[in-house]
Amino acid sequence: MKAWLTLLKKEFLLTRSSLLWKLLFLVIAGLLGVYFAYRNNDRPGLIVVLAVMVVAFYVFYLAAYMFKSLREEWEHTSHSWLNTPQPGWMLLSAKLAGGFINLLALFGVTCCFTLWITWIELNNFARPGFQNIDLAWATINYYGWYIAVLIVLGSIYTGLWSMMISVGMAASKSILSKGRFFVGLAIFLIPTWGMGFFQGTVVYDRLVRWGAVYLPQTPIVELRNLHFHSLYTGEILFYAIIMAALLFISGWLLDHKVEV
């Protein structure tokens with residue numbers, strides 16, 4: 001555990017300066033968004049749409065982080081990094097955890113400003129006669145936590161696939177002198193085209209779609225007499241197994257197939 005924490009500390013220190021600059025940029029951008037939300041009385045809702053789009057892009061944050069971080073390892077520090085005594089899964093999980101810390105910091109600041117802007121925009125809607133502002137705000141907060149958790153989990157999922165692509169391309173270096181891009185493309189098609197095809201099959205339905213998880217009702221949902229579930233227990237287990245397998249396979253490739 002101490003060795004893993006040392007690796008995590010190294011990852012955090014390497015990205016600390018970049019993280020601080022990104023946080024500063026987000027604070028400035030968020031304050032500008034708040035300012036324009038206050039001034040945007042003629043077109044209420046525009047700024048909050050932009051803010052929500054920024055929040056949604058965090059699904060791909062860890063994917064970009066892992067690909068960039070691993071590329072720097074391959075190009076600059078592969079000799080020292082690959083010759084450390086720690087196993088591959090430990091090296092990769094520490095790097096993933098470092099990215100996760102960055103994700104939580106940036107995502108938290110972005111969500112705080114998004115909620116602030118949303119509250120301002122809701123009050124902008126109230127001026128032309130929009131009713132039930134408090135009810136709408138309560139519903140946004142009610143489901144906002146759930147959506148935020150899904151985005152964070154989605155970012156971890158895409159980050160693991162990005163890690164697998166990068167390690168897979170590095171592992172093919174001993175076999176292919178050129179064309180490693182196609183190895184990465186082939187791995188990329190598994191979670192995109194491959195999973196999309198599999199999700200439309202009867203096998204997927206029977207394997208995964210069991211144990212429906214129902215969200216608690218909010219006043220707005222109750223007024224519309226709606227009852228819906230967001231996911232299945234089977235889905236949670238299915239994707240948890242996939243993520244564990246991605247870390248294991250990537251670690252094994254790093255230990256046995258990736259050459260300095």
Side-chain angles (χ1 to χ4, degrees), residues 3-4 6-19 22 56-104 106-107 151-199 238-260:
W4 187 85
T6 300
L7 290 171
L8 176 59
K9 181 179 179 181
K10 170 231 173 187
E11 293 295 333
F12 178 74
L13 291 176
L14 287 174
T15 60
R16 180 176 57 183
S17 178
S18 174
L19 175 61
K22 289 174 183 176
F57 276 120
Y58 277 97
V59 170
F60 306 103
Y61 176 83
L62 271 180
Y65 177 95
M66 290 299 294
F67 200 83
K68 179 178 180 294
S69 182
L70 286 171
R71 185 183 63 185
E72 291 175 351
E73 296 285 3
W74 309 138
E75 293 178 354
H76 304 294
T77 57
S78 61
H79 182 80
S80 59
W81 190 60
L82 294 175
N83 284 295
T84 54
Q86 286 75 29
W89 70 266
M90 189 177 290
L91 296 173
L92 293 172
S93 61
K95 191 173 289 293
L96 187 69
F100 184 70
I101 293 172
N102 281 254
L103 169 67
L104 290 182
L106 298 171
F107 186 62
I151 290 174
V152 170
L153 292 177
S155 189
I156 296 173
Y157 182 72
T158 60
L160 284 165
W161 274 109
S162 176
M163 177 183 69
M164 181 67 193
I165 291 170
S166 182
V167 174
M169 292 172 64
S172 67
K173 185 178 180 180
S174 59
I175 302 173
L176 301 173
S177 58
K178 295 182 180 179
R180 292 191 297 274
F181 165 79
F182 294 102
V183 174
L185 180 62
I187 299 174
F188 173 76
L189 290 176
I190 296 174
T192 52
W193 181 84
M195 286 297 295
F197 175 80
F198 181 56
Q199 287 174 353
F238 177 74
Y239 284 103
I241 292 171
I242 288 179
M243 290 190 288
L246 287 171
L247 180 59
F248 173 80
I249 295 170
S250 298
W252 184 88
L253 288 173
L254 194 66
D255 287 332
H256 298 90
K257 299 298 180 181
V258 177
E259 298 180 353
V260 178

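Every value quoted in this text rests on a predicted model; they were computed, and no experiment measured them.
- In this structure, H76 has no ring-ring contact (aromatic ring centres under 6.0 Å, His included) partners at least two apart in sequence or on a different chain.
- With rounding to the nearest 0.5 Å, the separation of CZ in R16 from CG in L13 is 5.0 Å.
- Rounding to the nearest 0.5 angstrom, the gap separating the OG1 atom in T15 from the OH atom in Y65 is 4.0 Å.
- For A3, the side chain to side chain contact (heavy atoms under 4.5 Å, CB included) criterion is met by Q86, M90, not counting sequence neighbours.
- To the nearest 0.5 angstrom, S155 atom OG is 4.5 Å from L103 atom CG.
- The distance from the CG atom of L70 to the CD1 atom of I165 is 11.0 Å, given to the nearest 0.5 Å.
- L7 and A94 get closest at one heavy-atom pair: CB-CB, 3.6 Å.
- Each salt bridge (Lys or Arg N to Asp or Glu O under 4.0 Å) pair with one or both residues in residues 152-171, not counting sequence neighbours, would appear here, but there are none.
- With rounding to the nearest 0.5 angstrom, the CZ atom of F107 is 4.0 Å from the CD1 atom of I151.
- Using a distance-only test at 3.5 Å, with no hydrogens or angles considered, no donor-acceptor pair links the side chain of S69 to the main chain of M66.
- Residues satisfying the side chain to side chain contact (heavy atoms under 4.5 Å, CB included) criterion with S18, sequence neighbours excluded, are K22.
- Legend: residues meeting salt bridge (Lys or Arg N to Asp or Glu O under 4.0 Å) with K9, ordered by chain and number and at least two apart, are absent.
- Listed here is the closest heavy atom pair of F238 and M195: CE2-CE, 3.5 Å.
- Nearest approach of G99 to L62, heavy atoms of both residues: C-CD2, 3.4 Å.
- In terms of the salt bridge (Lys or Arg N to Asp or Glu O under 4.0 Å) criterion, residue partners of K68 (sequence neighbours excluded) are, by chain and number, E72.
- Remark: F67 engages no residue in a ring-ring contact (aromatic ring centres under 6.0 Å, His included) (not counting sequence neighbours).
- Within a 6.0 Å radius of CZ in F198, more than 12 heavy atoms belonging to other residues, nucleotides or ligands are found.
- To the nearest 0.5 Å, atoms CD (E11) and CG (L91) are separated by 9.0 Å.
- Side-chain contact check for W89 versus D255: every heavy-atom pair is 4.5 Å or farther apart.
- Taking the side chain to side chain contact (heavy atoms under 4.5 Å, CB included) definition, one finds that A97 meets it with W4, L8, sequence neighbours left out.
- Residue pairs meeting the salt bridge (Lys or Arg N to Asp or Glu O under 4.0 Å) criterion with at least one member in residues 161-171, sequence neighbours excluded, do not occur.
- In terms of the side chain to side chain contact (heavy atoms under 4.5 Å, CB included) criterion, residue partners of L160 (sequence neighbours excluded) are, by chain and number, L96, I156, M163, M243, L246, L247.
- Shown here are the side-chain hydrogen bond (donor to acceptor under 3.5 Å, both in side chains) partners of T77, two or more places apart in sequence or in another chain: E73.
- The side chain to side chain donor-acceptor pair (under 3.5 Å) analysis of residues 158-169, with sequence neighbours excluded, yields the pairs W74-S166, Y157-W161.
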